[in-house]
Asker: 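This is the structure I want to talk about, given as structure tokens.
Since we're looking at a predicted model, the values are computed, not measured. Naming convention: chains lettered A, B, ... in sequence-line order (proteins, then strands); numbering from 1 in each chain.
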Amino acid sequence: MKRILNLIWILSIVTLKNTVAQNYVCRNYDWAEVKSVQELTAEEKKEPSVVLKDLRFSEYIYDNNGDLELYYTRHRLIHIVEQKSLDESNKIYIGVSSPNDVVTFKARTISLAGKIQEMYKGDMKLVTEDGSQYMILAVEGLEIGGELEYFFTLKSDVNYFGTEYLQGGDFIRKESLKVISPENLVFASKSYNGLAAAKDTLIEHKRYLEVTAENVMPLPDEKYSIDNANRMRLEYKLSENNATNAHHLFSWQDAGRRYYDVTHRFEDEKKAISKFLDKLKLKGKSQEEQVKALENYIKTEFNIQSTGEEESMSKLFSKRYASKTTITSLYILALEQLEIPHELVITSDRFHIPFDESFETWNYLDDMLIYFPGLNKYMDPTSYFHRLGAIPFQNTAEKGLYIKKMTIGDASNGITTVRYIPVTGMDVNYDRMEANITISPDWKTANMKTNREMGGYEDNNLRAAYFYAAEDKKEELVKSIFSGWFGEEMKATNTSVANFNMSSDEVNKPFIMNGDIDVSSLIEKAGDNYLFSVGEVIGKQVEMYQDHQRVQPIEIGYPHKYFRKIIFQVPEGYTVKGLDKLNINYVFKNDKENDMGFVSSYTLEGQTLTINGEEYYNDLYMPISEFENFKKVVNAAADFNKIKLILAKK
Amino acid sequence: MFRLNKISLVLLLFVALGSSAQPVVNVEGIKQKYPGIGYYTIKQNEHVEIKNSGSKLAIKSTTESSVLLLNDHAVLNSERSIYYYNTFSEISDIDARTWVPDGSRFKQVKVNEIFTRKPAKSGIFYDDFMEKYFYYPSLRPGSVISLKYDEEIFDPHMLPSFYFGGNYPIEQASFSVTFPSSVKLKYLYKGNPDAVKFEEKKGKNETTYTWQSMDVPKFESEDNAPDPSFVVPKVVLYIDEFENNKVQEKVLPDVKHLYKWYSTLLTDVWKEDQGDTKKLADSLTAGISGDDAKAKALFYWVQDHIKYIAFEDGLGGFIPRPASEVQRKRYGDCKDKATLLCELLRAAGLRGYRAWIGTRDIDYTYAELPSPQVDNHMITAYNSGNKWYFFDATADQIYFDTPTSMIQGKEALIGINADSFLVVKVPEMSMERNKILSDYKISISNDTVAGKANEQYTGYVKENVYARLTADGLSKVKENAIKGLYIGNNKHHVDTFSYSGLTNRDSALSFNYKFSLMNYVTIADDEMYLNMNLKKPYGDDIIDIKKRKNDRIFEFRYVDEGTTELAMGKYVTDKLPPDRKYEGKDFGFSIHYEKADGKIILHRKLYVDTLLLKINQFKEWNDFIEQLSSAYKETIVLKISK
């Protein structure tokens with residue numbers, strides 16, 4: 001997508017006529033001679049590796065024609081403390097769009113004994129992985145206690161937006177990033193997650209935007225956090241061209257116009273589109289029905305595939321595949337012909353890089369959605385796992401650009417506003433489970449009639465997985481879901497699944513799975529009595545028992561709630577003991593309403609024991625100070641999972 | 001590990017064929033026969049044509065396939081690939097079409113653009129593996145996709161093989177080869193003799209062999225299953241000899257010539273100057289006396305200091321780098337590591353040899369198939385006294401006298417010198433060498449259990465635990481060790497955890513820690529219930545006999561045993577659970593409770609003494625698991641003594 005945004009017309013904004021090509025600062029970049037490895041501090045020695053130096057330069061210069069060029073230089077020095085970091089560091093991968101991007105590359109290893117081995121560009125190879133190309137190098141002579149140093153310069157496509165992470169999985173002693181540009185080009189920047197603000201200086205007709213950091217700790221992986229989005233990073237963008245007196249470049253309005261153009265690239269194929277729409281027989285249908293029919297057709301008949309082949313609407317109709325952008329264009333152009341009010345919505349993945357309205361970088365513009373004001377519903381036009389009314393939760397609970405077509409006279413264009421994309425609440429995202437349990441007369445198995453109803457995101461894409469699975473794989477999938485719940489030794493019979501047809505109205509109903517499950521592992525023998533692991537009926541739960549210092553605040557995907565009902569027939573001739581443990585009540589409130597909680601209770605009538613439980617998380621974000629409470633609720637479910645009842649002979 | 005089985009790999013991954021003739025297919029019949037099927041291979045044919053110019057062989061294989069799409073969502077699967085190694089073969093004349101149903105006939109749409117890329121391959125840093133890929137257009141349920149392409153094979157040592165089986169059922173599969181009388185062609189057929197029909201047609205100047213099979217069932221891939229090559233019928237071709245300028249030239253008549261070919265590829269390696277390597281060997285063995293002690297030091301050094309990076313370009317898939325280069329670069333693949341270690345051993349005056357070997361996922365012996373398809377790996381064989389040791393330096397943390405688990409029981413082709421070799425079988429490690437030994441001493445207070453644990457791991461078990469513990473670096477070993485513990489109900493707190501022997505290959509890895517298990521004891525009135533089985537390995541490992549289609553493999557034989565010792569304190573119990581045991585030849589367990597001196601001691605042992613569980617053993621296995629899991633369910637009842 002970004003590539004499409006960077007079409008030539010943007011270049012005209014920054015082209016400078018009558019210039020003389022300049023040398024870029026990093027043209028003769030080289031390293032100093034080195035004789036030995038560096039000493040580490042006691043603290044550094046505890047890390048698997050230490051990045052002693054990580055210097056980055058993003059340099060924009062004009063060539064002879066006055067066209068802008070971008071050179072990206074990176075220089076790293078890594079001290080290897082142990083085996084693991086040796087395994088990770090002895091291969092270098094540099095992402096490129098072509099092997100010719102690499103202008104310079106040099107690497108060397110410094111052994112403990114001070115022996116130096118150098119490697120060059122010619123030692124690199126090109127590979128493709130998941131559609132991206134990399135220049136790779138196997139590092140020679142690297143050892144524990146030794147160091148790897150390398151630098152490279154890439155000539156890359158000019159991009160006016162940069163995202164650089166200054167925190168990762170390794171300890172960094174010293175790092176810096178410089179954005180260097182001709183005097184007339186001014187870059188704006190914003191620092192995130194505790195990174196100091198970048199400083200802007202002008203030296204000999206060049207601008208230097210610079211940020212540095214020292215002794216940066218790695219960010220640990222933590223459950224219920226948005227790791228990547230919490231890393232220190234700098235966003236920067238071209239904001240002014242003094243040579244043309246252009247200010248406030250690349251605004252959200254500009255982005256909106258650009259997306260408008262991109263999605264209207266095939267506007268002149270109106271006829272092909274109307275022929276396509278005729279086939280769908282939409283006449284006389286309501287707006288919502290029309291949208292659903294269009295979406296179902298596209299998601300059933302077309303495949304999203306970026307192939308590098310030339311695209312058009314007519315090619316899409318005959319080949320039945322095209323890139324995301326082209327398929328989204330089809331929706332937009334079709335909706336216009338159908339005169340259904342809509343807005344194109346562009347936003348980011350909140351877990352990867354949350355959208356920040358206050359800094360207009362187009363690097364936040366990753367995912368395309370469509371909003372229907374008349375229906376007050378959102379759609380992800382290219383996700384096979386979602387249908388009108390549901391979009392990936394990663395794109396919700398943050399803002400995005402809303403782009404609407406505006407026609408004045410003969411001219412049309414996109415008008416942009418920045419608005420919130422709401423997340424659905426726990427009334428929508430729920431998992432309701434009911435189990436009716438009896439014990440077999442020989443005490444070998446617990447026989448459960450189970451019923452499970454999953455709403456909203458709580459279907460965890462099982463509905464889509466089931467819908468898209470080949471017919472002869474569907475049963476296996478259901479069994480694997482049950483065995484994920486009750487363990488491998490369970491036997492499932494009479495299983496049934498309902499509301500899985502993604503292309504029908506079933507998609508708006510809860511996804512339902514029923515089955516009769518026999519499990520033997522829930523019963524233990526205790527002399528003349530038995531123990532019944534009633535807690536295991538709710539399935540394995542996340543456990544957070546061990547203590548660790550929490551580093552990141554809590555963030556979850558969406559508010560959600562679990563309802564659990566267990567009806568247990570106590571075998572005749574036995575009484576049930578140990579029921580007190582079933583009464584659990586952990587509820588935490590914020591100012592307004594119940595925030596999160598785990599509540600369970602029971603009733604016993606004759607030989608019928610009924611247990612009701614609720615667990616819910618209503619807040620998406622919680623500060624570290626709330627972590628202990630959060631853990632209590634999570635662990636309450638895990639504790640419940642461990643409850644055993646005693647079935648004592650009367 | 002180096003490559004091989006290349007061509008067969010392609011066939012299994014890729015099921016498809018094609019020409020411009022209308023597909024003939026009975027869709028309704030197929031739907032009835034295979035309800036719910038998503039894909040169905042109508043034909044899967046490969047024809048190999050060998051020609052002899054008098055001085056050179058030209059080998060061309062033509063693959064043709066067609067697949068019927070019945071899956072409602074077939075359109076989502078439009079990308080297809082053909083894989084090959086570009087040093088050894090070339091792909092040409094790709095003809096791919098989609099046949100879209102149009103009344104009673106099909107309308108064809110040809111694929112116009114074919115792309116080539118160098119794909120990354122798991123476990124391989126770089127090699128000459130290449131990919132041609134393209135996108136089938138106009139897909140919908142009921143479409144047929146066809147593919148036809150040629151592959152020119154450059155080296156007569158690397159003839160194709162063919163598998164009668166794939167990811168979908170196949171209506172008609174055939175493999176054929178045509179060769180002139182000046183070529184002596186051989187083949188190996190493995191699999192059910194009735195599954196495939198063989199036909200020989202002898203012409204005046206050439207012969208054609210055809211293997212054909214109809215209604216080939218699909219291959220079910222399952223966890224812990226043997227490689228498809230053990231299950232699916234297959235044909236492997238190889239050339240015995242051919243007439244080259246009127247003289248018979250031997251290619252692969254027997255293992256002797258296979259070795260000869262390998263040895264020729266190693267011409268430069270045999271002659272290598274050992275300058276640096278000698279220096280290194282001297283420094284590593286200085287002060288060490290005894291051959292085995294020296295060999296051990298060298299083996300461990302290579303494991304520790306030469307990192308595994310598989311960088312195999314072209315013939316580099318067969319030829320190791322010189323030892324001195326590996327020593328300098330500090331990385332290598334299996335051949336490189338084997339060669340450096342071999343040269344180090346020799347430099348120290350010891351008997352070290354390079355040895356070719358096939359890992360356990362290869363189904364051939366050198367005697368039945370003298371072809372490079374038999375091996376895919378290289379190790380160092382070391383001879384001491386009358387004993388062979390098999391050093392696989394691609395392992396990180398393996399003991400001197402232990403081959404890696406993946407080569408147990410396999411034949412090693414040991415290169416003694418440029419002309420002579422031996423084929424020696426690598427031993428399978430006994431279960432006693434791979435052990436988990438865990439002893440717990442516990443006491444109870446209310447519903448909490450407090451305990452002290454000692455756990456020990458040896459052999460392959462230790463290797464696996466080592467990998468898990470060190471995955472996030474040495475500073476995280478303790479954390480990962482604690483995270484991986486599973487005791488009782490798993491609601492545990494672990495204190496004062498310590499470990500030893502992690503990086504010492506000659507000793508067991510041991511954990512010592514204190515723990516408390518909360519809410520583990522179930523209390524009712526004046527009784528308390530405690531399950532002393534703090535670990536329940538294999539407790540729910542029932543095999544679904546109706547569903548499972550393949551044998552089950554175990555990475556290694558092993559024993560898991562130990563004790564749980566409960567200090568009774570103020571508690572008494574009337575009765576201990578009965579002793580339970582199951583003593584099979586290949587697997588079994590025993591659980592025994594003992595009362596002694598204010599304690600109850602649970603003794604348990606579980607063993608798996610086989611590498612392969614055959615389908616006909618599954619019932620016995622399930623009996624074993626049922627008995628085991630019922631033994632795990634026994635609880636002791638405690639009361640406060642009055």
Side-chain angles (χ1 to χ4, degrees), chain A residues 46-48 82-87 90-91 117 125-129 134 136 138-143 300-303 305 307-309 318-321 384 468 470-474 476 487-489 520-521 523-527 529 531 543 545-546 577-578 581 638-639 642-644 646 648, chain B residues 34-39 71-73 75-76 78-79 109 113 115 117-120 125-126 135 137-140 305 307 309 311 328-331 470-475 482-483 489-494 519 522-525 529 531 539-542 574-575 577 625 629 633-637:
Chain A
K46 291 181 192 160
E47 298 291 332
E82 58 160 278
Q83 207 66 254
K84 173 197 175 246
S85 58
L86 177 52
D87 286 328
N90 63 8
K91 297 170 279 286
Q117 291 190 48
K125 299 279 184 188
L126 179 75
V127 295
T128 309
E129 197 163 352
Y134 298 89
I136 60 173
V139 175
E140 298 171 6
L142 192 59
E143 61 180 17
T300 309
E301 300 289 333
F302 297 151
N303 185 20
Q305 190 92 65
T307 64
E309 297 166 45
S318 78
K319 288 189 169 178
R320 299 180 163 257
Y321 60 73
Y384 292 97
Y468 286 106
E471 289 302 317
D472 59 349
K473 295 278 176 208
K474 283 186 158 72
E476 207 174 298
E488 286 297 328
E489 53 101 43
S520 71
S521 61
I523 304 164
E524 284 170 288
K525 200 160 186 312
N529 299 337
L531 300 181
E543 296 168 352
Y545 293 128
Q546 204 71 32
K577 295 179 182 176
K581 286 176 286 188
D639 287 354
K642 299 186 191 325
I643 295 176
K644 291 177 184 182
I646 299 132
Chain B
Y34 302 100
I37 196 174
Y39 299 90
N71 189 329
D72 287 344
H73 312 292
V75 68
L76 301 183
S78 49
E79 184 174 342
V109 190
E113 293 192 63
F115 305 90
R117 67 185 162 203
K118 161 83 208 108
F125 180 68
Y126 187 79
Y135 305 92
S138 314
L139 297 183
R140 55 166 35 140
H305 292 88
K307 303 309 297 179
I309 298 182
F311 197 142
R328 177 178 67 74
K329 290 186 167 171
R330 293 289 175 108
Y331 71 77
T470 56
D472 302 309
L474 291 175
S475 62
I482 292 171
K483 229 190 269 174
N489 60 6
N490 217 27
K491 189 177 175 184
H492 57 244
H493 254 291
V494 172
N519 314 122
T522 306
I523 305 175
D525 307 333
Y529 304 91
N531 190 325
D540 65 353
D541 200 333
I542 292 277
D574 296 344
K575 203 162 111 189
I625 296 297
S629 87
K633 289 179 199 163
E634 295 283 0
T635 304
I636 57 167
V637 185

Asker: What part of A/Lys84 gets within 4.5 angstrom of chain B, counting heavy atoms only: side chain, backbone, both, or neither?
Answerer: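 When you check distances to chain B, only side chain atoms of A/Lys84 fall under 4.5 Å.
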
Asker: Roughly how far apart are B/Ile309 CD1 and A/Lys91 NZ, rounded to 0.5 Å?
Answerer: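 Going from CD1 on B/Ile309 over to NZ on A/Lys91, the span is 4.5 Å.
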
Asker: What part of B/Lys575 gets within 4.5 angstrom of chain A, counting heavy atoms only: side chain, backbone, both, or neither?
Answerer: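 When you check distances to chain A, only side chain atoms of B/Lys575 fall under 4.5 Å.
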
Asker: Determine, for A/Glu140 against B/Arg330, whether the closest basic-nitrogen to carboxylate-oxygen distance falls under 4.0 angstrom.
Answerer: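 Here A/Glu140 does not pair with B/Arg330 in a salt bridge, since their nearest N and O are not under 4.0 Å apart.
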
Asker: If you round to the nearest 0.5 Å, how far is OG of A/Ser521 from CD1 of B/Ile542?
Answerer: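 Rounded to the nearest 0.5 Å, the CD1-OG separation comes to 10.5 Å.
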
Asker: Based on non-hydrogen pairs under 4.5 Å, which of B/Pro137, B/Ser475, B/Ser138 is most in contact with chain A?
Answerer: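 With the most close heavy-atom pairs to chain A, the winner is B/Ser138.
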
Asker: Looking at B/Lys491, B/His305, B/Lys483, which makes the most heavy-atom pairs under 4.5 Å with chain A?
Answerer: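 Counting heavy-atom pairs under 4.5 Å, the top option is B/Lys491.
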
Asker: Please confirm whether the backbone N or O of A/Ser520 pairs with a side-chain atom of B/Lys633, one donor and one acceptor, at under 3.5 Å?
Answerer: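 Confirmed, B/Lys633 side chain pairs with A/Ser520 backbone.
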
Asker: Between B/Tyr529 and A/Asn529, does any side-chain donor sit less than 3.5 Å from a side-chain acceptor?
Answerer: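 Yes, side-chain donor-acceptor contact under 3.5 Å.
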
Asker: If you round to the nearest 0.5 Å, how far is CD of A/Glu524 from OG of B/Ser629?
Answerer: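 Those atoms lie 11.0 Å apart.
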
Asker: If you round to the nearest 0.5 Å, how far is NZ of A/Lys577 from OG1 of B/Thr522?
Answerer: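 If I round to the nearest 0.5 Å, the distance is 12.5 Å.
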
Asker: Among B/Asp72, B/Asp472, B/Asn71, who wins on heavy-atom pairs under 4.5 Å with chain A?
Answerer: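 Of the options given, most contacts go to B/Asp472.
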
Asker: Which bit of A/Ser318 is near chain B, if near means a heavy-atom gap under 4.5 Å: side chain, backbone, both or neither?
Answerer: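 Contact with chain B involves the backbone of A/Ser318 alone.
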
Asker: B/Tyr39, B/Phe125, B/Phe115: which one forms the most heavy-atom pairs within less than 4.5 Å of chain A?
Answerer: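 Among B/Tyr39, B/Phe125, B/Phe115, the one with the most close pairs to chain A is B/Phe125.
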
Asker: Find out whether A/Gln83 and B/Thr470 are in side-chain contact, i.e. whether some heavy atom of one side chain is under 4.5 Å from a heavy atom of the other.
Answerer: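 Of all side-chain heavy-atom pairs linking B/Thr470 with A/Gln83, none is under 4.5 Å.
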
Asker: Hey, does B/Val75 have a side-chain heavy atom less than 4.5 Å from the side chain of A/Tyr321?
Answerer: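 In short, these two side chains do not touch, never coming nearer than 4.5 Å.
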
Asker: Does a donor on one side chain and an acceptor on the other come within less than 3.5 Å for A/Gln117 and B/Lys329?
Answerer: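 No - no donor-acceptor pair under 3.5 Å links their side chains.
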
Asker: Just how far is it from atom OG1 of A/Thr300 to atom NE2 of B/His73, taken to the nearest 0.5 Å?
Answerer: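 If we round to the nearest 0.5 Å, A/Thr300:OG1 and B/His73:NE2 are 7.5 Å apart.
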
Asker: Under 4.5 Å, counting heavy-atom pairs only, tell me which of A/Lys642, A/Lys46, A/Glu301, A/Glu471 racks up the most with chain B.
Answerer: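 Among the listed options, the one with the most contacts to chain B is A/Lys642.
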
Asker: Side chain from CB out, backbone as N, CA, C, O: work out which of these in A/Glu309 comes under 4.5 Å of a heavy atom of chain B, or both, or neither.
Answerer: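 The answer is both parts of A/Glu309.
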
Asker: Need one label for A/Lys581: side chain, backbone, both or neither, based on atoms under 4.5 Å from any heavy atom in chain B.
Answerer: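 Side chain only.
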
Asker: Between B/Phe311 and chain A, which part of the residue has a heavy atom less than 4.5 Å away: side chain, backbone, both or neither?
Answerer: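 The side chain, not the backbone.
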
Asker: Chain B heavy atoms under 4.5 Å from A/Tyr468: which part of the residue, side chain, backbone, both or neither?
Answerer: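 Backbone plus side chain of A/Tyr468, per the 4.5 Å heavy-atom cut-off to chain B.
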
Asker: Is there a donor in the side chain of A/Asn303 and an acceptor in the side chain of B/Ser78, or the other way round, less than 3.5 Å apart?
Answerer: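 Side-chain D/A pair, A/Asn303 to B/Ser78: present.
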
Asker: Evaluate salt bridge (Lys or Arg N to Asp or Glu O under 4.0 Å) for A/Asp87 paired with B/Lys307, printing each intermediate quantity in order.
Answerer: CA-CA 7 Å; A/Asp87 286 328; B/Lys307 303 309 297 179; 2.8 Å; yes

Asker: Which bit of B/Ile523 comes within less than 4.5 Å of chain A, counting heavy atoms only: side chain, backbone, both or neither?
Answerer: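 For B/Ile523, the contact with chain A is made by the backbone alone.
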
Asker: Please determine, among A/Gly141, A/Pro48, A/Ser85, the option with the most heavy-atom pairs under 4.5 Å with chain B.
Answerer: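 The option with the most such pairs is A/Gly141.
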
Asker: Identify which part of A/Ile523 has an atom lying under 4.5 Å from any heavy atom of chain B, answering side chain, backbone, both or neither.
Answerer: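 Only the backbone of A/Ile523 comes within 4.5 Å of chain B.
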
Asker: Hey, which of B/Arg117, B/Glu113, B/Arg328 has the most heavy atom pairs under 4.5 Å with chain A?
Answerer: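 Heavy-atom pair counts peak at B/Arg328.
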
Asker: Measuring heavy-atom distances to chain B, does A/Phe302 have an atom under 4.5 Å in its side chain, in its backbone, in both, or in neither?
Answerer: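 The answer is the backbone of A/Phe302.
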
Asker: Let me know if B/Arg140 has heavy atoms under 4.5 Å from chain A in its side chain, its backbone, both or neither.
Answerer: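 Only the side chain of B/Arg140 comes within 4.5 Å of chain A.
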
Asker: At a 4.5 Å cut-off on heavy atoms, which part of B/Tyr34 comes close to chain A: side chain, backbone, both, or neither?
Answerer: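 Neither part.
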
Asker: Counting only non-hydrogen atoms closer than 4.5 Å, does B/Tyr331 touch chain A with its backbone (N, CA, C, O), its side chain (CB onward), both, or neither?
Answerer: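 Contact with chain A: side chain only.
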
Asker: Specify the closest pair of heavy atoms between B/Pro35 and A/Asp472, including all atoms of both residues, with the distance to one decimal.
Answerer: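 Smallest interatomic distance, heavy atoms only, reads O-CB, 3.9 Å.
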
Asker: Please flag which part of A/Leu531 lies under 4.5 Å from any non-hydrogen atom of chain B: side chain, backbone, both or neither.
Answerer: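 Only the side chain of A/Leu531 comes within 4.5 Å of chain B.
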
Asker: Select one option (side chain, backbone, both, neither) describing which atoms of B/Val637 are under 4.5 Å from chain A's heavy atoms.
Answerer: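 Side chain only.
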
Asker: For the atom pair CG (B/Leu474) and CD (A/Glu47), what is the distance rounded to the nearest 0.5 Å?
Answerer: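 Reported value, rounded in 0.5 Å steps: 12.0 Å.
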
Asker: Verify, without hydrogens or angle tests, whether A/Thr128 (side chain) and B/Pro119 (backbone) share a donor-acceptor contact under 3.5 angstrom.
Answerer: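 Looks like no, no N/O pair under 3.5 Å.
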
Asker: Taking side chain as everything from C-beta outward and backbone as N, CA, C, O, which of these in A/Lys644 sits under 4.5 Å from a heavy atom of chain B? Side chain, backbone, both or neither.
Answerer: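 A/Lys644 touches chain B through backbone and side-chain heavy atoms alike.
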
